[in-house]
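Since the structure comes first, as structure tokens, the remarks are kept for the end.
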There are 2 protein chains.
Amino acid sequence: MADATLRDVAQAAGCSVATVSRVMVGNRPVGAETARRVRAAAERLGYRPNQVARALRSRSTGTVGLVLPQIINPFFPSLVRELEHALHANGRALLLADCDDNPDTEAARINALLARQVDALVVIPVDEQRSRAAVAAAAAQLPLLVLDRSCGHSVADSVAVDNATGMALVLDHLAQTGRRRLCFLGAAGADSAAVERRAAYEAGAAALDPQAPGRVELGDFSAEWGAAAVDRVWPAQPDALVCANDLIAVGALQRLRQLGVRVPDEVAVTGFDDTDIATVSEPALTTIRQPVAGLAAEAARLLELRLAQKDAPEPRRTVRLVPDLVVRASSAAGTADPAGPARAERVIGGPDRPAPADLLPAPPSL
Amino acid sequence: MADATLRDVAQAAGCSVATVSRVMVGNRPVGAETARRVRAAAERLGYRPNQVARALRSRSTGTVGLVLPQIINPFFPSLVRELEHALHANGRALLLADCDDNPDTEAARINALLARQVDALVVIPVDEQRSRAAVAAAAAQLPLLVLDRSCGHSVADSVAVDNATGMALVLDHLAQTGRRRLCFLGAAGADSAAVERRAAYEAGAAALDPQAPGRVELGDFSAEWGAAAVDRVWPAQPDALVCANDLIAVGALQRLRQLGVRVPDEVAVTGFDDTDIATVSEPALTTIRQPVAGLAAEAARLLELRLAQKDAPEPRRTVRLVPDLVVRASSAAGTADPAGPARAERVIGGPDRPAPADLLPAPPSL
DNA sequence: CTGAAAGCGCTAACAT
DNA sequence: ATGTTAGCGCTTTCAG
């Protein structure tokens, strides 16, 4: 049998459809007794408001689109999870689009979501430059938030981790534990995570060793590249390998093991992201823990803010969350005790951080 | 400015809205010259069909809901990716719902998606028993496919990996490489993956060693449990640890390393799923590779089939895909060469499998 | 506080 | 091949 409609409920409750609608939405005065009768009838008929009809009439689908580069990047699932929960808590649903790391696919997905009348869009851009046009065009049409990576300034609201501070935490830690000959194993990608992490390394490592900023190898965010990169930097006799993410670091650890190099005794290795593999690798990986829940919460908060006061020409907002350093065996100062607890770790917070409410308005566009 | 509507395009092209609609949908005869004019006008106005209005009228949203237990389970993201691509290829969009491994949340998410008028639902059930009611109720309303796990027979179409064959491949491999004292480190979960893998172990291991089916430890699908389980089975002096998934296996490897046990010389360890961590663990993990792309493709195919012939009371269909065994260092027969290539692996296919088109109708319900 | 009525943007009969 | 028209199910004025 077909689903019950508002009319069916109205008929059963002996009132008009308008009254039923008012009861269901609940934001308008309705007589207590009438409301009771309506709710009873709705319950009895198993009535469920048709969100599509509601959306057409009220011009709001209660739907948010999430466009991301690659769901299989091990860092994204937890972000998706937190975002999904935050949105559902507000009665919204999440339309997911995976771009396969391709800016053209990304543009197509964004358009498809616009056609579906999403109320807002969260985009994790594929490419700092090549994502910009499509993202900016969409941002002109609806509330849009750029998450985790950026794609040019002032395109839209933005929430991301503070990559510079994260890298600085790594460099401080390595300096304090006596490392002096650093190398950076990074990614050549044009996304902002790759760019910012490299820039932060180059800026911070110079203080430790004038040669360090020059010891940079760029490939991609994969374990294969991490292994290959070790062979390229090893002749420089580094005592620390600073990797742009956990995958690269784990690949490096594998190659070092094959070469018979002891970690952390001969060389320290650090990652970035604190994905699952950081705890299961051997040795466990010192890395930067992304404030995933915080990122999602901030994103949801900013989104709701925009959705609430739709027309107000608020300035763009930028939120940067400071990550923590998690020290594990791969960078321990002394000799690791192989019989000790494998999961030993120490969390070191970033510098005093602004409360989430402190928002930095971005410079005006153009 | 507001989006252009059909009417705007009709006005600009000098024809009726019906004609424009026909051009946009493209399934009805329209004069070539008229069509050209319409398309030009649409292009000029930046017209994008409003999918919500279209959905309300045509009673089809072009949207599929995916309900899964936990997106952070490392096996799911690749499944989500494949499914998203398959659906988008058919012009559909994916509404994602994460249940936090909770059957009540699962029921709520399913209802929310029904209210949003999804055309179909793909569910990866949280619990073999406790998911059944909500899933069955939804299946009565629209095309529904149960993916990767089951939740009772004949509830809906189903696509999953053949866990029994996967486990048999593992046991054969261990038998052929001379292992005789097997243990199973599994999960006590009520989902079908946990249940089937354990059952297959107990059924197959008896042939190797009458005591083996008794050596079963059940916890959850985590590395922590894998490590803890090692301590419980080690006194039995096993020469192979058969784990119910990769996480458990990696946890076991960690603990064995702490105990100074050499893998694979003293004991072999196997996983299940072939997630990323199987290749980055030390030693690399022998495991069962899930046919992820195949699962997603079959799911999409069955879904389209149901959507095409909506009312036909077709019998329930069940598809089981046979996985492959991937042999890596954790179960190598001889001594692993530490300087050898870390990624050495050998893929062993399952037994002759039926072509995907061979569908087994499930027994009639009740 | 409640009802009547007008659409939201589109598709699908039914005309022509 | 094209136009006219009646809604899809709901929310929201506008009257009462």
Side-chain angles (χ1 to χ4, degrees), chain A residues 1-39 41-42 45-63 91 114-119 141-142 310, chain B residues 1-39 41-42 45-63 91 114-119 141-142 310:
Chain A
M1 92 199 154
D3 280 357
T5 74
L6 255 198
R7 260 185 48 187
D8 301 330
V9 178
Q11 211 149 27
C15 66
S16 75
V17 293
T19 301
V20 179
S21 172
R22 288 176 186 124
V23 173
M24 301 314 292
V25 177
N27 55 359
R28 241 166 253 275
V30 177
E33 164 59 14
T34 318
R36 209 192 44 68
R37 273 211 330 280
V38 168
R39 263 188 280 271
L45 298 178
Y47 172 70
R48 216 188 291 112
N50 181 325
Q51 300 290 351
V52 171
R54 184 176 272 186
L56 178 59
R57 181 61 235 239
S58 61
R59 326 193 67 81
S60 154
T61 54
T63 277
L114 289 179
R116 287 186 188 282
Q117 313 292 119
V118 292
D119 291 344
Q141 311 221 3
L142 44 43
K310 196 141 187 174
Chain B
M1 93 201 154
D3 281 357
T5 75
L6 254 199
R7 259 185 49 189
D8 301 330
V9 178
Q11 211 148 27
C15 66
S16 76
V17 291
T19 301
V20 179
S21 171
R22 288 177 186 122
V23 173
M24 301 315 291
V25 177
N27 55 358
R28 242 164 251 277
V30 177
E33 164 58 14
T34 319
R36 208 191 44 68
R37 271 211 331 279
V38 168
R39 262 188 280 271
L45 299 177
Y47 172 70
R48 217 189 288 115
N50 182 323
Q51 300 289 352
V52 171
R54 183 176 272 184
L56 179 58
R57 180 61 234 236
S58 62
R59 327 193 67 81
S60 155
T61 53
T63 275
L114 289 178
R116 287 186 189 281
Q117 313 291 118
V118 292
D119 290 344
Q141 310 220 6
L142 45 42
K310 195 140 189 176

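Bear in mind that the values here come from a model prediction, so they are computed numbers and not experimental data. Quick note: numbers below take in every heavy atom, side chains included, and nothing from hydrogens, waters or symmetry partners. Below, chains carry the letters A, B, ... as their sequence lines are ordered, and counting in each starts from 1.
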Which of residues 22-33 of chain A sit near DNA chain D, with a heavy atom under 4.0 Å from it? Arg22(A), Val25(A)

Mind running a 4.0 Å heavy-atom check of residues 10-21 of chain A against DNA chain D and sending the residues that fall below it, in number order? Ala18(A), Ser21(A)

With sequence neighbours excluded, what pairs up with Ala41(B) under the side chain to side chain contact (heavy atoms under 4.5 Å, CB included) test? Val9(B), Ala12(B), Ala13(B), Arg44(B)

For Arg57(A), what residues pass the side chain to side chain contact (heavy atoms under 4.5 Å, CB included) criterion, not counting sequence neighbours? none

Applying side-chain hydrogen bond (donor to acceptor under 3.5 Å, both in side chains), can you list everything that pairs with [X], at least two apart in sequence or on another chain?
X	result
Ser16(A)	Thr19(A)
Arg36(B)	Glu33(B)
Ser60(A)	Asp119(A)

Write down the distance between [atom1] ([X]) and [atom2] ([N]), rounded to a whole number of angstrom.
X	N	atom1	atom2	result
Asn50(B)	dT11(C)	CG	C1'	13 Å
Tyr47(B)	dG9(C)	OH	C1'	7 Å
Arg48(B)	dC10(C)	CZ	P	12 Å
Leu6(A)	dG3(C)	CG	P	13 Å
Leu45(A)	dG9(D)	CG	C1'	15 Å

How many angstroms lie between atom [atom1] of [X] and atom [atom2] of [Y], to the nearest 0.5 angstrom?
X	Y	atom1	atom2	answer
Thr63(B)	Gln51(B)	OG1	CD	8.5 Å
Leu114(A)	Gln117(A)	CG	CD	8.5 Å
Arg39(A)	Thr34(A)	CZ	OG1	10.5 Å
Thr61(A)	Arg54(A)	OG1	CZ	12.5 Å

Please output the side-chain donor-acceptor pairs of residues 20-30 of chain B that fall under 3.5 Å, not counting sequence neighbours, one pair per line with the distance.
none

Measure from the side-chain N and O atoms of Arg48(B) to the backbone N and O of Asp3(B), and report whether any donor-acceptor pair falls under 3.5 Å. no

Polar atom pairs (N or O), protein with nucleotides 6-8 of chain D, under 3.5 Å:
| residue | atom | partner | partner atom | Å |
| --- | --- | --- | --- | --- |
| dG7(D) | N2 | Arg57(B) | NH1 | 3.1 |
| dG7(D) | N3 | Arg57(B) | NH1 | 3.4 |
| dC8(D) | O3' | Arg59(B) | NH1 | 2.8 |
| dC8(D) | O2 | Arg57(B) | N | 3.3 |

Between the two end axes of the helix from dC1(C)-dG16(D) to dT16(C)-dA1(D), each built from 5 base pairs, what angle do you get to the nearest 10°? 40°

